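Report on the following structure.
So that the names make sense, note that chain A is the first sequence line, chain B the second, and so on, each numbered from 1. Note that the structure is a prediction, hence the values are computed from the model and not measured. Basis for what follows: all heavy atoms, side chains included, without hydrogens, waters or symmetry-related copies.
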There are 4 protein chains.
Amino acid sequence: MTVSRDVELEGHIIDSGMLQAAFGIVMDNGGEFDVEEFDIGREKTATSYARLRISAPDEETLQAIVHELHHHGANPADDADARLEPAPADQVVPDGFYSTTNHPTQIRYDDEWIPVEEIEMDCAVIVEDGDDPRAYTKVLNAIEAGDQVVVGEAGIRVRPPERPRDTEGAFGFMQGGISSERPSETTIEQIADAIDETKREDGNVLVVAGPALIHSGAREDLARLVREGYVDGLSIGNGFAVHDLERDLYGTSLGVNTETLDHARKGHKHHIYTISEIIRAGSIPEAIESGLVESGVMYECVQNDVPYVIAGSIRDDGPLPDTITDAVEAQNAIREQAREADMVLMLSTLLHSVAVGNCLPSTTRVVCVDINPATVTQLLDRGSAQAVGMVTDIGTFVPILAEKLLD
Amino acid sequence: MTVSRDVELEGHIIDSGMLQAAFGIVMDNGGEFDVEEFDIGREKTATSYARLRISAPDEETLQAIVHELHHHGANPADDADARLEPAPADQVVPDGFYSTTNHPTQIRYDDEWIPVEEIEMDCAVIVEDGDDPRAYTKVLNAIEAGDQVVVGEAGIRVRPPERPRDTEGAFGFMQGGISSERPSETTIEQIADAIDETKREDGNVLVVAGPALIHSGAREDLARLVREGYVDGLSIGNGFAVHDLERDLYGTSLGVNTETLDHARKGHKHHIYTISEIIRAGSIPEAIESGLVESGVMYECVQNDVPYVIAGSIRDDGPLPDTITDAVEAQNAIREQAREADMVLMLSTLLHSVAVGNCLPSTTRVVCVDINPATVTQLLDRGSAQAVGMVTDIGTFVPILAEKLLD
Amino acid sequence: MTVSRDVELEGHIIDSGMLQAAFGIVMDNGGEFDVEEFDIGREKTATSYARLRISAPDEETLQAIVHELHHHGANPADDADARLEPAPADQVVPDGFYSTTNHPTQIRYDDEWIPVEEIEMDCAVIVEDGDDPRAYTKVLNAIEAGDQVVVGEAGIRVRPPERPRDTEGAFGFMQGGISSERPSETTIEQIADAIDETKREDGNVLVVAGPALIHSGAREDLARLVREGYVDGLSIGNGFAVHDLERDLYGTSLGVNTETLDHARKGHKHHIYTISEIIRAGSIPEAIESGLVESGVMYECVQNDVPYVIAGSIRDDGPLPDTITDAVEAQNAIREQAREADMVLMLSTLLHSVAVGNCLPSTTRVVCVDINPATVTQLLDRGSAQAVGMVTDIGTFVPILAEKLLD
Amino acid sequence: MTVSRDVELEGHIIDSGMLQAAFGIVMDNGGEFDVEEFDIGREKTATSYARLRISAPDEETLQAIVHELHHHGANPADDADARLEPAPADQVVPDGFYSTTNHPTQIRYDDEWIPVEEIEMDCAVIVEDGDDPRAYTKVLNAIEAGDQVVVGEAGIRVRPPERPRDTEGAFGFMQGGISSERPSETTIEQIADAIDETKREDGNVLVVAGPALIHSGAREDLARLVREGYVDGLSIGNGFAVHDLERDLYGTSLGVNTETLDHARKGHKHHIYTISEIIRAGSIPEAIESGLVESGVMYECVQNDVPYVIAGSIRDDGPLPDTITDAVEAQNAIREQAREADMVLMLSTLLHSVAVGNCLPSTTRVVCVDINPATVTQLLDRGSAQAVGMVTDIGTFVPILAEKLLD
């Protein structure tokens, strides 16, 4: 017995790939479609509208198709309110709760469409009643008993970002594959332009960086960018901070003098001594205040009031007293950073980039730089609408970026 | 002064991505479009039709846009004949000659659409007059003075392959990125099924393989597949043949005993001794006939009349007497193989896979297997409509494939 | 003013590379050496002895050289006791504390050499007085005020592992580079033999695994190995457990059916639903007890009393109630696992492998398997004396390993 | 029945790793050794001497061990002349011919040690009689009937390069693994210093480059280096030349404008049009002479009389009239380049780097730059004694190198 339901798509649905995706989803899942209405945007700036009737051999298949269509911006063509159920206990969601995408989303409540605040993928949507009802996301571990949680898929509208109306430039629209065979300096120049533009518009630039940046000799240039106001937040791990501080205290990074390449004397113990010195001083800001640490990325952050989050991991030595060792607590700190960011530079760290990326809406600009093409691909696949990936050497990328921004 | 021209698209133009590509090309190049007619296929199996008026600020831009649209299957909406000009000299094409894509193509000649035979990208199209006029491709170095060569873009129709009407399975349609995180055994099973299917339909399976296959211990299993009739052609380099023969003569590959892992005694000279033995015997078939070589991939090819091409390269030792050292001659031999193939397995060689891929139409099924994701991505990017890429270990892939096909 | 000091080396110091390393260290650091005594082991089984006088232009350089020599097994040639100082506060070590290598180490206390228990790199050495004095390692964050900590380098002997007296087989001695061009099945067979041997000697096999193992379809085979008693401990992250359980609950891994390759319906939400189901059940063991979860790696661990550690990270969804979210607490749990292990299989996870590797002495056998050669190289570089690295596909490795062990 | 033979080692045999290698070879192959004489160099600059008696259970094993020892610089301790046999036919060597290493080698002829000229691995050694007898290498395909070829191993001395007596700097001695985590700018500075030094000593710098250099936007900087006299030879393929010329003719590389990143209009046909233009002009020099080509790497080579070799391959489009399509002929041209080079820069090409590397003695300085760590490792493994490998982006490497050399 065939069952069917109507869905609607609206916007630049052809060149943004939404209609193609919708047709593909139906076919991949064994359904049929019937184009009931189709109004094509005749010119470049005009939007299109489509209403499709989706059919499937059984209700379960139909529901699966509609569910997936929904995640790609094909919304059910009816105007019911979203259904709410209270969370039965802390951290426990009601059965069939709606789990978010990272795209701008609205829910229908009391016959009004209201936006879901702080959209982030894999969250529940909580609705707060009142004169001015609000909807916002919560991760599973933040759910409290009694929270009104959206369940099912009715009354929810997802609007994936659309392809810009002109040439794409460095920031490709939803681009997948990444080639290492692109003009490197020109691409870095375009990234510099985008940072400049973001800063001119008072935007927030978040830098996520791994220790390879320090080992590869780019520390001084990143410190300059912090000092000159191009960085509004820093998201790192214990290792990045340790090696940045080691460079100040001992002139080495992982025991190698990054300026002379001399193999460090006693160098392979410098990182442990660095940690023990900071523990002795109490914290990084105290070590800077006391004059122990006099340069580097952490130094510039402290001196210029650039907030940073040092998130711990199981491979850390030490850790430093400033490192947040609890993963959930660290995620919450990262979430705050991510929400404020207008542009995120992910520099040679997979772990921290994924952690930040998990918290970003699809509308934040993202730059991913790594020497490993698989890392760049994995980060771009997370679905930012405006992203540029570069397979390059962080040790040459940061100096050239700094030169283009500062000179 | 705005200039404009009409183009047409026909077929499953939405879910095959053709319409999206067309809109994107126009916008990327600073043009405008106007949808003059649009007839959407209302159901899954119905085709769509679109006629777009493309406008641009000048003739040069317009021509560039139309040119690129053309390569993606948006054909000029007029029914002129293709324009022909004679080649002025051997290897020299007329100015503005039409350079092919790898998609099925027709040209209009004497008011009739005739198919271009042996379609292959980056070639010229030659038309032979007569009662039964023919059009076919020629690479630049094969052009002869006086050849009637198609110039311009009028009277040429390109039809890119369309997305199949059902689920895609392992062979994704025009898929870009490749993940190493897919179920390996299941994917290999689907590849085995596709080979089985090809053989049941009397199709031709071409294996392109690099020496890593031998070093990684997969030689015996590939030899079995040749013996059992699953391989209709072999495209390799000098190194593959040398190490396959070395294994027979000395029990090693690159000096390592692939069964015991014992470091070979004198092993690092075995490949040179192998070459000198084959030179002494006259050729690989003579070495087999004389009883010198008694096993392996080359042995099975010779014994089972499976044709092979050994294409030379500048990194070869020797080379073997059977190796074609001239690159153009080798390409011609590879071209013959590629044209007969219905399915191509590209096994851990970039150089030979690219050489074969250059000669394939977009309709041939392709399987790319390599441990390096960049290699798999690069091979899939060449635009086969039915391709599956696996980032895996050739030394475990071939044994599992052989088990699934033979047991 | 030239200063000098004597150091001694003993054992198979030539073929284990110790003497070569010592000469290199002196030259790299601008020192001189004078071989004062040299007694070469005349036959394969005889040990050698060398006493070198190391000279340098100043005391600081000399100390640096001696320090580094020390870490490579060239010990100061005097028999002073190790110097002890009390830790001034919790987590704070005395200035100049001795930071360990991962090699077997002894310290001299009351004119007796006593072994340092639970050796692990980058730790302090604590001495406990008493009738039966003990020395053991402590990581920085475990130091308590008043702990007697070894400072300086006198009275400490480091003994790096020596090259075995016969052929090396798959487990190379201190081998650096890793090639993907080795016979895969033979190497897996040798790893299987080593596991068998470890189990026959009642040894402990620890498996460290990442989620790629589940995505790549190797879950059932790892579960079999757990069930059949080949795994004595499991060290994983939240993602591994989630995707293993998702496969049980929804038949998918990351939304892909690993058996049919069908794209999962609603699949991209399965992992979040899985987490919410386990939270609802209370924990993994409770979910198994209640009959909710009926198969998989976690299931077999619980049913067969194989202890596991689920270490949290900032990229986790959820996390599961069983995940240790605090990095220091998780490290302590991992440390316990590492100390019991006689052989460690590191399967397609960099983060967890580094965490475990940090806690291992150089004498534990290690197997590293990853598709990314850089990961394998990085793990082997940590200095296990008996290690084998394979650049291969975990989705084919585990099935073949299981077949070789179980059939 | 135990058999035995004596071998000798001489030089800095401990810190150059020769003695360690020798012991390992004996043990790996099931032999025994007895140190009959050992004279250690007591100070840094003093050389050592060792005579070992090698024993094995049978003559075949002994011969295998001695053979491998020989390749690592442990020479038979007897002073027989090298044995000579005439080649029976063109390209056919006598049975048991001696196949060379890439280390400096001498052979004993008429009781005199004479050096083997133009040493290169995997060659035969030919001796020419006369007043002034000479020994030199020949590749297999150059052997002529009647050539006096060295067979066996008597009367041959191999001297691997020794570790320099001071710090190693960027050019590590026989270093294996390569990390991408090294200070990039400092390493490039050291490479610039080495080039400067080579030029000051009137040395010859050979650049081997792949097309990725052009795509990544480094073309202008390499052209400057050629113009300013830092490049004495260029070894490339057809693709490099085509894309360099395409940039001049159409402003694109592979259809991308490397300065604006604009997607090229008609760009994906530019390389074919470029080839057809050069064919029309006759050759690259003729295209330059006629004013058709006015810039780029090829242009500067022609204008500054820097010789180049364009070696063909089976993946070439065209090819250009200047490309040597026969692999053996191309190898001979490359061999000439390699022999003249004092320093070789291998820039993002595996195929051409291996081809050049095959012809180099172990004493030539080598710099390998690639974004793929596996490529860098593979090139360094070929055994140059003075090599530096960098895993970096060629598109940032060349501009920084040019800045350091020219500014």
Side-chain angles (χ1 to χ4, degrees), chain A residues 25 28-29 60-61 63-65 67-68 71 88-89 91-93 95 97 99 122-123 139-141 237-238 262-269 271-273 275-276 279-280 311-319 321 323 325-331 334 350-352 354-355 357-358 371-372 374, chain C residues 25 28-29 60-61 63-65 67-68 71 88-89 91-93 95 97 99 122-123 139-141 237-238 262-269 271-273 275-276 279-280 311-319 321 323 325-331 334 350-352 354-355 357-358 371-372 374:
Chain A
I25 288 166
D28 267 347
N29 287 288
E60 196 200 356
T61 304
Q63 217 183 322
I65 294 175
H67 169 86
E68 201 170 335
H71 277 89
Q91 304 198 11
V92 180
V93 284
D95 267 324
F97 78 103
S99 169
D122 293 341
C123 289
V139 290
L140 290 197
N141 62 54
N238 186 71
D262 270 0
H263 187 69
R265 304 162 180 202
K266 284 205 193 195
H268 45 294
K269 290 303 160 194
H271 67 288
I272 276 292
Y273 288 156
I275 293 165
S276 104
I279 291 174
R280 212 185 304 280
S313 100
I314 52 171
R315 76 180 133 190
D316 292 344
D317 291 302
T323 298
T325 58
D326 185 76
V328 172
E329 214 182 300
Q331 282 179 331
I334 287 170
L350 181 60
L351 177 62
H352 293 268
V354 169
N358 281 346
I371 195 87
N372 182 350
Chain C
I25 288 165
D28 267 348
N29 286 288
E60 196 200 356
T61 305
Q63 216 182 324
I65 294 174
H67 169 86
E68 202 170 334
H71 276 90
Q91 304 199 11
V92 180
V93 284
D95 268 324
F97 78 103
S99 169
D122 293 340
C123 290
V139 289
L140 290 197
N141 62 51
N238 186 69
D262 269 0
H263 186 68
R265 306 163 179 200
K266 285 207 194 193
H268 46 295
K269 289 303 161 193
H271 67 289
I272 277 293
Y273 288 154
I275 293 164
S276 104
I279 292 175
R280 212 185 303 280
S313 100
I314 54 172
R315 74 178 134 189
D316 292 345
D317 291 302
T323 298
T325 59
D326 186 74
V328 172
E329 210 181 305
Q331 283 179 329
I334 288 170
L350 181 58
L351 177 62
H352 293 269
V354 170
N358 282 345
I371 195 86
N372 182 351

For chain C, the option from Val93(A), Ile272(A), Leu350(A) that forms the most heavy-atom pairs under 4.5 Å | Ile272(A)
Just give me the residue among Gly237(A), Pro88(A), Gly318(A), Gly357(A) that pairs up with chain C most often, heavy atom to heavy atom, under 4.5 Å.
-> Gly318(A)
Using non-hydrogen atoms and a 4.5 Å limit, figure out which bit of Asn372(A) sits close to chain C: side chain, backbone, both or neither.
-> side chain
What are the two closest non-hydrogen atoms of Val354(A) and Arg315(C), and how far apart are they?
-> CG1-CB, 3.7 Å
State, to 0.1 Å, how close Ser313(A) and Leu351(C) come at their nearest heavy-atom pair, and which atoms those are.
-> OG-CD1, 3.9 Å
Asp317(C) and Ile275(C): which non-hydrogen atoms are nearest, and at how many Å?
-> O-CD1, 3.4 Å
With only heavy atoms counted, which part of His352(C) is less than 4.5 Å from chain A, the side chain, the backbone, both or neither?
-> both
Atom of Ile279(C), atom of Pro319(C) and distance for their closest heavy-atom approach = CD1-O, 4.3 Å
Identify which of Asn238(C), Leu140(C), Ile314(C) forms the greatest number of heavy-atom pairs closer than 4.5 Å to chain A.
-> Ile314(C)
Examine whether an atom of Pro321(C) lies under 4.5 Å from a heavy atom of chain A, and if so say whether it belongs to the side chain, the backbone or both; otherwise answer neither.
-> neither
Could you pull out all residues at least two apart from Asn358(C) that satisfy side-chain hydrogen bond (donor to acceptor under 3.5 Å, both in side chains)?
-> Arg382(C)
Under 4.5 Å from a heavy atom of chain A, the part of Val139(C) involved = neither
Cys123(C) to Phe97(C) - nearest heavy-atom pair and separation = O-CE1, 4.4 Å
Do side-chain atoms of Glu329(C) reach the backbone of Thr325(A) as a donor and acceptor pair under 3.5 angstrom?
-> no
For the candidates Asp95(C), Val92(C), Asp122(C), which exhibits the highest count of non-hydrogen atom pairs separated by less than 4.5 Å from chain A?
-> Asp122(C)
Under a 4.5 Å heavy-atom cut-off, does chain C meet the side chain of Ile25(A), its backbone, both or neither?
-> neither
Ranking Ser276(A), Ala330(A), Ala311(A) by heavy-atom pairs under 4.5 Å to chain C gives rank one to Ser276(A)
